[in-house]
Number of protein chains: 2
Amino acid sequence: MDQPYDVYEERCPTRMVLDRLADKWAVLILDRLDAGPVRFNHLRRDISGISQKVLSQTLKKLERDGLVSRAAFATVPVTVEYALTPLGQTLTETVSALAHWAERNMAAVLAAQRAYDAAPRG
Amino acid sequence: MDQPYDVYEERCPTRMVLDRLADKWAVLILDRLDAGPVRFNHLRRDISGISQKVLSQTLKKLERDGLVSRAAFATVPVTVEYALTPLGQTLTETVSALAHWAERNMAAVLAAQRAYDAAPRG
DNA sequence: CTCCTTAGTTTCCGATGGAAACCTTGTTTC
DNA sequence: GAAACAAGGTTTCCATCGGAAACTAAGGAG
């Protein structure tokens with residue numbers, strides 16, 4: 001049972017997938033959806049700083065990749081709910097770890113940045 | 001013990017860190033360095049498709065954030081070795097999981113894309 | 001009649017990424 | 001002694017991408 005895919009290969013399709021997942025906004029969206037279905041504007045408010053265009057584009061790509069499902073309800077005004085698919089759920093632990101590593105290790109990173117910037121260079 | 005950082009907040013410094021980590025090239029570099037120190041051109045060959053400019057820039061940022069260390073040796077020609085710092089090592093399991101999730105789930109993603117593209121839309 | 005809601009799309013501009021050329025130091029080849 | 005090659009970058013140029021803001025559609029409230 002050899003792995004047919006190699007993410008280090010430029011032409012491997014896994015590269016496209018990694019490119020999609022290794023994205024600040026995709027990570028935040030997937031992590032947010034782990035708590036349950038969320039509407040478009042709710043996501044937009046929760047993930048402060050994301051633009052409508054990028055949220056829309058990112059959701060569309062995640063839907064195409066089978067990670068997120070989209071359900072529109074004929075309410076007034078129309079509401080649309082986004083949720084994780086089973087495939088998407090296999091990813092949330094990893095994505096969540098990445099998103100929250102920064103929160104746990106922020107102090108160390110800031111210290112490293114100060115040390116780097118203080119060191120004479122060039 | 002309240003977490004002072006929230007990655008969902010636009011102005012939180014964790015956002016900058018997530019932006020750095022949630023990057024295709026950074027993920028591949030960190031995963032590659034997990035096996036041990038590697039030289040610049042070796043990384044460049046292993047990670048097919050990365051340009052020198054982006055490799056150089058990404059390594060510099062990772063070094064500034066304290067995730068990667070840089071060691072230059074006065075050989076001829078000069079060799080430079082990049083390695084994970086202890087802080088960087090706390091991240092590799094997560095990063096590796098992300099990089100290789102695509103390899104394990106590629107078939108499912110491709111199937112989802114075909115289904116999405118086949119469905120009439122708009 | 002006007003404003004507000006949801007869920008987007010469009011437009012415009014500045015920032016980023018990739019390709020390719022150039023640079024520096026020093027060694028080997030012709 | 002000129003050319004080529006090696007490592008580790010930097011510079012230049014252009015195309016694409018991201019963010020800000022405006023616009024769309026369909027309906028409800030005041």
Side-chain angles (χ1 to χ4, degrees), chain A residues 8-12 15-29 32-33 37-65 68-83 116 121-122, chain B residues 8-12 15-29 32-33 37-65 68-83 116 121-122:
Chain A
Y8 283 99
E9 269 308 311
E10 185 177 6
R11 299 182 180 288
C12 183
R15 264 296 174 81
M16 293 191 303
V17 175
L18 179 60
D19 202 25
R20 188 130 315 145
L21 299 180
D23 170 77
K24 177 178 55 177
W25 300 127
V27 164
L28 289 173
I29 289 172
R32 186 68 191 76
L33 289 182
V38 186
R39 285 180 299 101
F40 185 89
N41 276 332
H42 199 154
L43 272 176
R44 189 156 79 91
R45 278 187 293 270
D46 283 357
I47 303 174
S48 82
I50 195 169
S51 72
Q52 290 186 306
K53 184 179 77 170
V54 171
L55 179 55
S56 169
Q57 286 176 346
T58 306
L59 284 169
K60 212 172 283 183
K61 289 174 186 170
L62 291 174
E63 189 195 353
R64 178 166 184 266
D65 289 346
V68 161
S69 65
R70 178 184 186 279
F73 299 98
T75 54
V76 146
V78 128
T79 58
V80 178
E81 252 186 20
Y82 291 93
Y116 183 94
R121 223 166 285 272
Chain B
Y8 284 100
E9 270 306 313
E10 186 177 5
R11 298 182 181 287
C12 183
R15 265 295 175 81
M16 293 189 303
V17 175
L18 180 61
D19 201 26
R20 187 131 314 145
L21 299 180
D23 170 78
K24 179 178 53 178
W25 300 126
V27 165
L28 289 174
I29 290 171
R32 186 66 192 75
L33 289 182
V38 187
R39 285 181 298 101
F40 185 88
N41 277 331
H42 200 153
L43 272 175
R44 189 156 80 92
R45 277 187 294 269
D46 284 356
I47 303 174
S48 83
I50 195 169
S51 71
Q52 290 186 305
K53 183 179 77 169
V54 170
L55 178 56
S56 169
Q57 285 175 345
T58 307
L59 284 170
K60 212 173 284 185
K61 289 174 187 172
L62 291 174
E63 189 195 353
R64 178 166 184 267
D65 288 347
V68 161
S69 64
R70 179 183 187 279
F73 298 98
T75 54
V76 147
V78 133
T79 58
V80 178
E81 253 187 20
Y82 291 92
Y116 183 95
R121 224 165 284 272

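This structure is a prediction, so every number in the text was calculated from the model and none was measured.
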Inter-residue atom distance [X].[atom1] - [Y].[atom2], 0.5 Å rounding:
X: B:Leu59; Y: B:Lys61; atom1: CG; atom2: NZ; value: 11.0 Å
X: A:Thr58; Y: A:Ile29; atom1: OG1; atom2: CD1; value: 5.0 Å
X: A:Asp46; Y: A:His42; atom1: CG; atom2: NE2; value: 4.0 Å
X: A:Leu62; Y: A:Leu21; atom1: CG; atom2: CG; value: 7.5 Å

Which is true for A:Phe73 with a 4.0 Å heavy-atom rule: it touches a base, it touches only sugar-phosphate, or it touches nothing?
-> nothing
Touch class at under 4.0 angstrom, heavy-atom based, for B:Arg39 against every strand present = sugar-phosphate
Mind calculating the distance between [atom1] ([X]) and [atom2] ([N]) to the nearest angstrom?
X: B:Phe40; N: D:dA6; atom1: CZ; atom2: P; result: 16 Å
X: A:Lys60; N: C:dG8; atom1: NZ; atom2: C1'; result: 8 Å
X: B:Leu43; N: D:dG8; atom1: CG; atom2: P; result: 10 Å
X: B:Ile29; N: C:dG17; atom1: CD1; atom2: C1'; result: 14 Å
X: B:Leu59; N: D:dG8; atom1: CG; atom2: P; result: 11 Å
X: B:Met16; N: C:dT16; atom1: CE; atom2: P; result: 13 Å
X: B:Asp19; N: C:dG17; atom1: CG; atom2: C1'; result: 14 Å
X: A:Asp23; N: D:dG18; atom1: CG; atom2: P; result: 7 Å

List, one per line, each side-chain donor-acceptor pair under 3.5 Å for residues 48-56 of chain A, sequence neighbours excluded.
residue, atom, partner, partner atom, Å
A:Ser48, OG, B:Tyr8, O, 3.1
A:Ser48, OG, B:Glu10, N, 2.6
A:Ser51, OG, A:Val54, N, 3.3

OP1, OP2 of [N] versus side-chain N and O of [X]: anything below 4.0 Å?
X: A:Arg45; N: C:dA7; value: no
X: B:Ser56; N: D:dT10; value: yes
X: B:Arg44; N: C:dG18; value: no
X: B:Thr75; N: D:dA7; value: no
X: B:Trp25; N: C:dG17; value: no
X: B:Lys53; N: D:dC14; value: no
X: B:Tyr82; N: D:dG9; value: yes

Kindly indicate, with the supporting measurements, whether the criterion side-chain contact (heavy atoms from CB on, under 4.5 Å) is fulfilled by A:Lys24 and B:Arg15.
-> CA-CA 8 Å; A:Lys24 177 178 55 177; B:Arg15 265 295 175 81; 4.2 Å; yes
Identify which nucleotide among [options] has an atom closest to any side-chain atom of [X], counting heavy atoms from C-beta outward.
X: B:Gln52; options: D:dA26, D:dG9, C:dG18; answer: D:dG9
X: A:Gln57; options: C:dT27, D:dG18, D:dG8; answer: D:dG18
X: A:Val54; options: C:dA19, C:dA7, D:dG19; answer: D:dG19
X: A:Arg70; options: C:dG17, C:dA7, C:dT5; answer: C:dA7
X: B:Asn41; options: C:dT5, C:dG17, D:dG8; answer: D:dG8

Between A:Glu81 and B:Ile50, just flag the one whose closest nucleotide in DNA chain C comes earlier from the 5' side.
-> A:Glu81
